[in-house]
Amino acid sequence: MNNVIEIKNLKKVYNNITTVDLKSLTVRKGEIYGFLGPNGAGKSTTMKMILSLLEPTSGEIDIFGNPVEKNTEYLNHIGSMIEEPSYYPNLSGYENLLVFQKMIGFDKKNIWPTLELVGLAEKNNRRKLVKAYSLGMKQRLALAFALVKDPKILLLDEPTNGLDPAGIHEIRELIIRLAKEKGLTVFISSHILSEIEHIADRVGIINRGRLVYEGKIEKIKSNAWLEIEGDFFSDTKLKEVLEGTGVTDISDKILKFKNMDNEETSKIIRQLVIAGYPIYRVERKKESLEDIFLSMTKED
Ligand SMILES: Nc1ncnc2c1ncn2[C@@H]1O[C@H](COP(=O)(O)OP(=O)(O)O)[C@@H](O)[C@H]1O
Ligand SMILES: [Mg+2]
């Protein structure tokens, strides 16, 4: 079974408003799948349906090939981190996990190795009460909660939310290490592309409940164009000079052309200079991934 999570025609409707409408989404075994989309796109709602915390209005979610509504046994194999977890502030990390262990019953022996894995077992941390934890430590404890049952799937909803850049880096490295060492399948959401692009094997981009892209991030094609800055006066002579050059945008200061090779570029520059227009800058431009993400998810 290569597909660990498979979503088919999944819908969630609140008061006649469709918040999730996913025709198909597939998370494969052993990959880190980045679930990207702006705030309100439907990421948390989707994740809650995967965890059976919310009932879909229609559609199907299969985990390891079995529909989730038939049998909740699959939940034993998912470790999750959804929204801000709450802890007992006057207990240590170990004691918090012990309370959890007594509630849901897993092997108590897992607790220390898990705390070690997330970096909360060193001498100066092991007895620390949670109220003295930094935000990063709390996020690491949340990861420990997700991992302590020794799951096969890790479902992380914006795990770096609220962290500073160093904290984000730390959690990101930890997730990569965990995925590798434990062979986990990771489904991780974020509203920030740059947080995900270097760790995800594949991404799904969701906008207003719909998937607008799924695949490798490198496959997202970006537009490239040529920009020439100078003093142009949008007169009839300029139009003549630019005829047949692939110009896409004309203004007094900047001309834009479709992407072209060096030979064509030098030819255009020569034509403009001969016609008497001063040139200040010639630049090949390319849309950044961030631009593409923003244009895929913009409101219209
Ligand atoms: N209980 C609810 N009742 C009505 N609308 C909701 C409820 N929960 C979420 N929504 C709406 O569903 C949409 C998706 O929300 P959410 O899944 O939390 O987005 P994300 O996690 O991507 O930020 C939002 O427009 C939100 O307002
Ligand atoms: Mg959310």
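As the structure lists them, so they are numbered: ligands from 1, and atoms in each ligand from 1.
- The residues lining ligand 1, counting any heavy atom closer than 4.0 Å, are Tyr14, Thr19, Pro38, Asn39, Gly40, Ala41, Gly42, Lys43, Ser44, Thr45.
- In this structure a side-chain-to-backbone donor-acceptor pair under 3.5 Å is missing from Ser80 to Ile82.
- Between Thr57 and Tyr14, the side chains place no donor N or O within less than 3.5 Å of an acceptor N or O (distance only, hydrogens not considered).
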Please report, to 0.1 Å, the donor-acceptor pairs under 3.5 Å made by any side chain of residues 137-155, with sequence neighbours excluded.
from: Gln139; atom 1: NE2; to: Pro159; atom 2: O; distance (Å): 2.4
from: Arg140; atom 1: NE; to: Glu170; atom 2: OE2; distance (Å): 2.7
from: Arg140; atom 1: NH1; to: Val118; atom 2: O; distance (Å): 3.4
from: Arg140; atom 1: NH1; to: Gly119; atom 2: O; distance (Å): 3.0
from: Arg140; atom 1: NH2; to: Glu170; atom 2: OE2; distance (Å): 3.3
from: Lys149; atom 1: NZ; to: Leu75; atom 2: O; distance (Å): 3.2
from: Lys149; atom 1: NZ; to: Ile78; atom 2: O; distance (Å): 3.2
from: Asp150; atom 1: OD1; to: Lys182; atom 2: NZ; distance (Å): 3.4
from: Lys152; atom 1: NZ; to: His77; atom 2: ND1; distance (Å): 3.4

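- Ring centroids of Phe187 and Phe35 are separated by less than 6.0 Å, placing the two rings close together.
- Judged as a ring pair (Phe, Tyr, Trp, His ring centres under 6.0 Å), the pairs with a partner in residues 219-265 (not counting sequence neighbours) are, in order, Phe232-Tyr277.
- Here the rule is ring pair (Phe, Tyr, Trp, His ring centres under 6.0 Å) with Tyr94, and of Tyr88, Trp112, Phe100 only Trp112 fits it.
- No side-chain donor from either of Tyr87 and Glu95 sits under 3.5 Å from a side-chain acceptor of the other.
- Annotation for Arg284: atom CZ counts as buried by contact number, over 12 foreign heavy atoms lying within 6.0 Å.
- No cation-pi contact links Lys131 to Tyr133, judged by a cut-off of 6.0 Å to the six-membered ring centre and 45° from its axis.
- Annotation: protein N, O or S atoms under 2.8 Å of the Mg ion (ligand 2) (waters excluded) comprise Ser44 OG.
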